[in-house]
J.: 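Got a structure for you, questions after.
Both backbone and side-chain heavy atoms feed into the values below; hydrogens, waters and symmetry mates do not. Just so it is clear: chains get the letters A, B, ... in the order the sequence lines come, proteins before strands, and each one is counted from 1.
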4 protein chains.
Amino acid sequence: MQPVPRGPRGQGWMSKVSARPGETVAGPEGQDSEKRRQILDGAREVFRAKGYEGAAMDAIAKAAGVSKGTLYVYFTNKDELFEELITDEKRELAAALDAFEPTEGSFRDNLRAFAISFNELLTGENHMSSIRMVVGAVEKFPAVGAMFFRAGAERGTTRLTEAFARAIEDGRLKPCDPAVAAQHFIALCTSEVMKKSLFGCGLRPTPEGVERIVDNGLDVFMAYYGRT
Amino acid sequence: MQPVPRGPRGQGWMSKVSARPGETVAGPEGQDSEKRRQILDGAREVFRAKGYEGAAMDAIAKAAGVSKGTLYVYFTNKDELFEELITDEKRELAAALDAFEPTEGSFRDNLRAFAISFNELLTGENHMSSIRMVVGAVEKFPAVGAMFFRAGAERGTTRLTEAFARAIEDGRLKPCDPAVAAQHFIALCTSEVMKKSLFGCGLRPTPEGVERIVDNGLDVFMAYYGRT
Amino acid sequence: MQPVPRGPRGQGWMSKVSARPGETVAGPEGQDSEKRRQILDGAREVFRAKGYEGAAMDAIAKAAGVSKGTLYVYFTNKDELFEELITDEKRELAAALDAFEPTEGSFRDNLRAFAISFNELLTGENHMSSIRMVVGAVEKFPAVGAMFFRAGAERGTTRLTEAFARAIEDGRLKPCDPAVAAQHFIALCTSEVMKKSLFGCGLRPTPEGVERIVDNGLDVFMAYYGRT
Amino acid sequence: MQPVPRGPRGQGWMSKVSARPGETVAGPEGQDSEKRRQILDGAREVFRAKGYEGAAMDAIAKAAGVSKGTLYVYFTNKDELFEELITDEKRELAAALDAFEPTEGSFRDNLRAFAISFNELLTGENHMSSIRMVVGAVEKFPAVGAMFFRAGAERGTTRLTEAFARAIEDGRLKPCDPAVAAQHFIALCTSEVMKKSLFGCGLRPTPEGVERIVDNGLDVFMAYYGRT
DNA sequence: GATGAATGAGGGTTCATTCAT
DNA sequence: TATGAATGAACCCTCATTCAT
């Protein structure tokens with residue numbers, strides 16, 4: 001997709017994003033100490049497995065390999081730990097999304113590669129656990145849900161929208177609302193896999209299964225949006 | 001869509017389902033006493049609002065208007081109460097899905113009406129709370145997630161698949177895999193709204209918003225699947 | 001003091017007070033169950049020994065012979081338990097004060113008996129513990145301090161003031177402000193003992209010691225307030 | 001009161017006391033470094049406000065402007081810090097008491113001035129906080145209570161006793177036990193104000209209020225102890 | 001059958017104390 | 001010497017569950 005390296009930026013359709021805008025956080029020595037990361041890792045593990053309410057600070061401390069007291073040196077309380085963790089996850093998700101690079105090949109080939117990568121990202125068991133953890137906590141942490149959505153689904157759509165806008169200019173897509181096209185593309189290529197994963201229903205699809213789904217979706221997508 | 005009652009089943013494209021296949025339950029006097037229902041209603045309210053872990057049996061008893069002890073007369077423990085509740089929810093969801101009836105009008109009009117109804121069902125705040133509750137508990141109750149998925153998304157797809165199969169026979173859709181078509185249809189018309197609701201992101205879409213989304217989706221769908 | 005049983009009330013200089021005005025309290029079956037009392041007794045013991053902050057709910061539960069959970073069935077939290085306890089203590093203190101009855105004998109004899117009883121009441125180790133417990137908590141529970149003061153010192157002074165007012169009418173005391181006289185009387189006869197007890201300084205005075213202190217105080221008091 | 005510097009001691013009725021008899025302490029560089037004082041000041045502030053149990057070492061460190069670790073360089077543990085603080089307070093109290101100087105004027109005028117000053121000292125909010133702090137901790141630190149009592153009430157009484165003994169010699173007071181007279185004097189002039197302050201009951205008395213109390217007390221005192 | 005009092009394990013959090021730097 | 005990160009015991013409180021009535 002968009003192999004035309006127009007402009008001096010010399011990059012395809014997505015640019016790296018500089019994560020870590022630097023938040024003020026509790027805890028000693030700056031904001032990103034070894035211990036802090038250690039705790040976040042333990043917390044991620046337990047929160048993913050048990051959800052917000054089900055996760056015990058005791059279990060988190062154990063998983064992180066620190067004492068319970070140390071948890072409270074770095075994070076004010078359970079809520080803050082959870083929110084920081086989500087922020088962290090969100091950052092990783094955004095970074096992963098931004099890492100996609102266009103490959104050599106046709107427009108459809110590029111879309112295909114993106115869709116497959118996106119599916120893999122979304123359905124990775126780690127990521128699904130995070131999503132379930134967030135969804136399960138939306139009622140208590142509404143802001144967290146919105147934040148995560150924006151970092152994930154929305155960000156992916158936005159990146160795609162930009163790419164589609166350029167593709168329309170280039171005549172690779174027929175004139176249309178690129179945002180709607182992006183949503184349709186993602187819906188056709190990912191929603192089936194997403195839904196099943198969300199409910200923990202069935203195993204992860206095989207690579208071949210994903211490819212088939214993506215190809216089917218692309219057929220429908222290109223039938224409408226492709227340049228006749 | 002397909003108002004022709006062809007064949008011996010004599011109904012349109014969806015038949016009512018007889019809910020309540022009758023499970024064995026712990027409660028007294030059969031399986032569905034007044035009290036039992038009362039408890040399930042209270043439990044639904046609290047589980048939806050707080051999730052599985054966040055819901056206290058105390059709060060459920062209060063919401064149900066019974067004593068805490070009575071809870072344990074009808075349900076072995078919290079887990080069972082939760083599972084029974086999901087079973088119950090699932091039943092209602094299935095019943096609602098089965099209640100869709102074809103209207104007079106074109107094939108596209110029928111699809112449109114179905115999509116709009118489906119969207120409304122999915123994004124009703126009650127239903128979204130249930131979904132979030134289930135998703136949040138998938139890690140602890142894997143079976144519950146699968147059950148819910150089958151009763152909801154999958155059941156909807158299945159109904160649609162049947163209808164599409166007939167539509168292909170009728171020549172209203174071009175020859176294709178009706179199951180894939182059903183997935184694409186649902187993806188195009190519902191996934192955007194679903195995703196946002198799932199993350200509690202933004203208000204519910206307006207009726208006009210839903211119509212626009214459905215119309216956009218139908219355009220894409222019909223461009224590929226429609227009879228030339 | 002005031003042996004003249006004037007009026008139909010037929011009682012001496014103090015009337016019984018009806019304690020227990022009936023407060024609304026948490027806990028099952030009314031407000032004065034067996035368990036409730038049991039808990040208050042345990043709490044009294046521990047709070048007296050350790051003060052508010054030093055008392056652990058665990059220790060209170062143990063002292064009361066109930067489980068920790070039961071504490072919270074009867075009292076909302078530690079604060080409320082403490083306050084209810086003080087209210088309770090206050091009630092007992094007031095009742096004890098009101099129980100003093102005039103004896104046969106001279107005015108001075110009656111005063112003497114009252115002072116001795118009062119000293120005993122004040123310096124009983126139980127009561128001193130309560131006072132220390134209250135004083136130590138004044139900074140956190142200002143209302144509790146005031147309440148206790150009114151139930152104790154102030155109530156004693158008030159009763160005495162009434163009696164002195166009648167004594168002035170009767171000509172048993174020279175004309176003066178009876179409230180000031182009451183304060184002076186109590187100061188002369190009790191403050192020395194009080195102060196020492198408050199600081200846990202030295203053993204309790206012997207009965208003879210108390211008598212000597214009271215007699216000394218009475219000499220001074222009568223020299224000024226006595227009828228010529 | 002007795003401005004006549006009769007006798008070899010050559011002072012009025014009270015002599016300055018040399019505070020700081022020099023105890024062995026844990027801290028570095030002697031016993032009274034800057035840091036040590038800084039810590040004691042922070043500790044005083046927090047202990048007064050929260051009592052022994054309620055005071056957190058963390059809060060003390062913050063109030064003192066040192067790190068928590070430093071606390072343990074100068075004091076073995078919380079108990080010792082508390083005890084040292086009381087010792088310190090006691091010293092200041094004694095010094096304040098010893099600072100009273102007889103003024104020109106009649107015996108009664110001198111007594112009056114002393115009583116007023118004494119009241120002010122006792123009821124200063126700082127001092128009352130200290131007293132409450134000590135009283136609240138008597139059960140855990142019996143020695144501390146006694147120490148404080150001796151430094152305060154008893155020391156005041158002793159000084160007065162000495163003065164009264166001389167006054168009796170001088171014929172300014174009638175022959176009596178000067179110690180009992182001292183107790184009576186203090187009781188009459190200070191106990192009312194003391195009691196109320198102890199229980200945090202009501203505002204501090206106005207200067208006029210104190211004067212009235214003192215005058216009333218003096219009337220009674222002089223009626224008995226004064227030279228006809 | 002229905003109740004609600006009672007339980008005790010376990011929840012999140014605080015805090016006096018230690019120790020490597 | 002002075003620090004502050006780290007600890008774990010103990011704090012107050014909640015909650016799923018039981019049981020006598």
J.: For B:Leu71 and F:dT18, give me the distance from atom CG to atom P, rounded to whole Å.
T.: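 It is 13 Å, rounded to the nearest whole Å.
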
J.: Between side-chain atoms of residues 54-61 of chain C and protein atoms elsewhere (two or more places apart, or another chain), which donor-acceptor pairs fall under 3.5 Å?
T.:
none

J.: Salt bridge check, B:Asp88 against B:Arg36: does any charged N sit closer than 4.0 Å to a carboxylate O?
T.: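 Not counted as a salt bridge, because no side-chain N and carboxylate O are separated by less than 4.0 Å.
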
J.: At their closest point, which heavy atom of A:Gly200 faces which heavy atom of B:Val138, and how far apart are they?
T.: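 Heavy atoms of A:Gly200 and B:Val138 come nearest at CA-CG1, 4.0 Å.
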
J.: From the options E:dG12, E:dT3, F:dC13, select the nucleotide whose nearest atom is closest to the side chain of B:Val73.
T.: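 Taking heavy atoms from C-beta onward, the closest nucleotide is E:dT3.
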
J.: Which residue lies toward the 5' end of DNA chain F, C:Lys78 or B:Tyr72, if each is placed at its nearest nucleotide?
T.: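 It is C:Lys78, whose closest nucleotide lies nearer the 5' terminus.
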
J.: For DNA chain E, whose closest nucleotide is more 5', that of C:Lys35 or that of A:Asp79?
T.: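 The residue whose closest nucleotide sits nearer the 5' end is C:Lys35.
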
J.: Which residues, if any, of residues 51-70 of chain A bring a heavy atom under 4.0 Å of DNA chain F?
T.: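 The answer is A:Val66, A:Ser67, A:Lys68, A:Gly69, A:Thr70.
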
J.: Which residues pass the side-chain hydrogen bond (donor to acceptor under 3.5 Å, both in side chains) test with B:Tyr52, not counting sequence neighbours?
T.: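 Applying side-chain hydrogen bond (donor to acceptor under 3.5 Å, both in side chains) to B:Tyr52 gives B:Asp79.
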
J.: Among residues two or more places apart or on two chains, list those pairs meeting salt bridge (charged side-chain N to carboxylate O under 4.0 Å, His left out) that have a residue in residues 128-139 of chain D.
T.: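 Matches after skipping sequence neighbours: C:Arg132-D:Glu139, C:Glu139-D:Arg132, D:Glu125-D:Arg132.
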
J.: For a 4.5 angstrom cut-off between non-hydrogen side-chain atoms, does D:Thr87 reach D:Val144?
T.: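 They are not in contact (no side-chain heavy atoms under 4.5 Å apart), so the answer is no.
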
J.: Looking at A:Glu53 and A:Lys140, does any basic side-chain N land under 4.0 Å from a carboxylate oxygen?
T.: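 Salt bridge between A:Glu53 and A:Lys140, a charged N being under 4.0 Å from a carboxylate O: no.
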
J.: Could you check how far CD of A:Glu80 sits from P of E:dG12, rounded to whole Å?
T.: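 Those two atoms, CD and P, are 15 Å apart.
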
J.: Roughly, in whole Å, what's the span from NZ in D:Lys50 to P in E:dT14?
T.: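 One finds 13 Å between P of E:dT14 and NZ of D:Lys50, rounded.
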
J.: Tell me the interatomic distance from A:Asn77, atom CG, to F:dC12, atom P, rounded to whole angstroms.
T.: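 Those two atoms, CG and P, are 20 Å apart.
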
J.: Answer yes or no: does a side-chain N or O of C:Tyr74 lie under 4.0 Å from OP1 or OP2 of E:dA6?
T.: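 The answer is yes; a side-chain N or O of C:Tyr74 sits under 4.0 Å from OP1 or OP2.
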
J.: Specify the separation, in whole Å, of atom CZ of D:Arg36 and atom C1' of F:dA2.
T.: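 It works out to 17 Å between those atoms.
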
J.: Quick one: ring pair (Phe, Tyr, Trp, His ring centres under 6.0 Å) partners of C:Phe199, sequence neighbours excluded?
T.: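 For C:Phe199 the ring pair (Phe, Tyr, Trp, His ring centres under 6.0 Å) partners, ignoring immediate neighbours, are D:Phe149.
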
J.: Is any side-chain heavy atom of A:Glu83 closer than 4.5 Å to a side-chain heavy atom of A:Phe75?
T.: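 No, too far: nothing below the 4.5 Å cut-off.
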
J.: Expressed as a whole number of angstroms, how long is the span from A:Phe82:CZ to E:dT13:P?
T.: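 Atom CZ in A:Phe82 sits about 14 Å away from atom P in E:dT13.
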
J.: Find the runs of at least 3 consecutive base pairs, i with j, i+1 with j-1 and so on, that include DNA chain E, using Watson-Crick or G-U wobble geometry with both distances under 3.5 Å.
T.: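 In DNA chain E, stems of three or more pairs: E:2-21 with F:2-21.
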
